[in-house]
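Shown next, in structure tokens, is the structure this report addresses.
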Amino acid sequence: MKKTNLDKSIVGVAEQAQAQQEIDSRNKAAAEAAGIAPKMTIYEYEQKYSKRENARGAKLFLTFTVTIIGVFLFVLLAMFTMKSYEFNQYVGYGVGAACLIVYIFVFIVPIFKLLHSGYFITNVNAYTASKAKRHNKKLRHDISKKIIDLTSKVEGVGWYDSETVGKLAIALQARDEEGVKENLSALYVGSVKRSARELILKASLKSAMYSALSQSSSLDTVMVALVNLQLIKDLVYLYGFRPSDAKLAKIFAAVIRNSLIAYGVSAAGSQVGNAVAKTIKGIPLLGSIIGVVVDSSVQGLTNGTLTTVIGYQTIKYMNAEYKLQNVLDGVEVAETQAEFIEACQNLENELKREQRATGKKVAAAS
């Protein structure tokens, strides 16, 4: 019996699949012989790095944490304004106006810029990988342009190594994607890392000094929260991108935690000082002085340390997501050969089933 066109098509597909499999096997063997590691498939990447994550839920959680911070700061500033108003009506008006300006320009504006900064998409699957890789490539280029522009136009910024930035500019101009990634990575493990540590140290010292100088628990807490938020914004500006929604929400949750701890330490600080003062009954004046010193140092050390934790948590997330997007960029998104063979076999079985069903119908009709 002669083969039908359908049978010939099935055989042709199977032969093509077999031939492609042999080519892939030879390429893999040649790559192994040359010491080149085979590319990771998107399914291997998904199994190793991707996590089940509700993107909408992460965005809602991020919105929730930002709202909580906003409400918390507003209430504390309102409390501080009311205390000032009780002291003097006109002083209260002035303090209220100053608090409103601080709230808008030190909280709302930075948060808006932070939330509208770009971030790498790394939690992907086979359906979203290609789009994520295109997005990440564009973001790498945007980051590179911003770093090059900042280095060339702002004198004395000192954040980035000039020689590496020059190489990055050449690679970007030449559309050398590997060169862009190589030089961008060199910046992140070198000058950017050093600059990030300097920013964290300065912010931690600010947080400690504000805590030592402040005599108000509400003002102390506001200053700590604003310093933390400013540090996050500065680190994002330094790196050129922000953590993903889920990671940024965790950082903001840590800011809330730090603010609550700062409020508790500030409120309890006087009790620490009084306890120390009581232990030196013979020298009352010295006891009170030591009490104030202990009070300030405890608050300063606590709040400064918490700010340091926030800073390192932020750069940890950004470094992890930058490295992960580099891994994703080298992933083979196309179907694996085994899956291609399996698809061809499924097609063959389905077509044969349809052919048998059609033959039965024709036989029954005749």
Donor-acceptor check, side chain of [X] to backbone of [Y], threshold 3.5 angstrom: yes or no?
| X | Y | value |
| --- | --- | --- |
| E321 | S244 | yes |
| Y188 | K323 | no |
| S207 | A203 | no |

Legend entry - Geometric class of the F241/Y239 ring pair [parallel <30°, tilted 30-60°, perpendicular >60°]: perpendicular
Inset, instruction - Check the angle between the aromatic planes of H116 and F112 and answer parallel, tilted or perpendicular using the 30° and 60° thresholds. - result: tilted
[Y] reachable from [X] in the ILVMFWY side-chain graph, under 4.5 Å edges:
| X | Y | value |
| --- | --- | --- |
| V165 | Y237 | yes |
| I68 | V224 | no |
| I104 | I101 | yes |

Legend entry - Distance, nearest 0.5 Å, that separates CE of M209 from CE of M223: 10.5 Å
Inset, instruction - Using the ring of Y119 (Phe, Tyr or Trp, six-membered ring only), decide whether K247 places NZ or CZ under 6.0 Å from its centre and within 45 degrees of its axis. - result: no
Test item: [X] and [Y] side chains (from C-beta on) under 4.5 Å apart, heavy atoms:
| X | Y | result |
| --- | --- | --- |
| L115 | L248 | yes |
| T221 | F80 | no |
| I111 | F252 | yes |
| F120 | M318 | no |
| N125 | I42 | no |
| K181 | L184 | no |

Inset, instruction - Among I310, L73, V66, find the one that has a side chain to side chain contact (heavy atoms under 4.5 Å, CB included) with L229. - result: L73
Inset, instruction - Apply salt bridge (Lys or Arg N to Asp or Glu O under 4.0 Å) to K131 and list each qualifying residue two or more places apart in sequence or on a separate chain. - result: none
Inset, instruction - Write down the atom of N183, the atom of A171, and the distance for their closest heavy-atom approach. - result: ND2-CB, 4.4 Å
Legend entry - Candidate list K146, R140, K138, test side chain to side chain donor-acceptor pair (under 3.5 Å), partner D142, passing option: K138
Legend entry - Residues D149, K153: salt bridge by 4.0 Å N-O rule: yes
Inset, instruction - Please report the C-alpha distance between Q325 and D329 in whole Å, then the side-chain angles of each, then the deciding distance to 0.1 Å, and finally whether the side chain to side chain donor-acceptor pair (under 3.5 Å) criterion is met. - result: CA-CA 6 Å; Q325 65 84 28; D329 198 58; over 6 Å; no
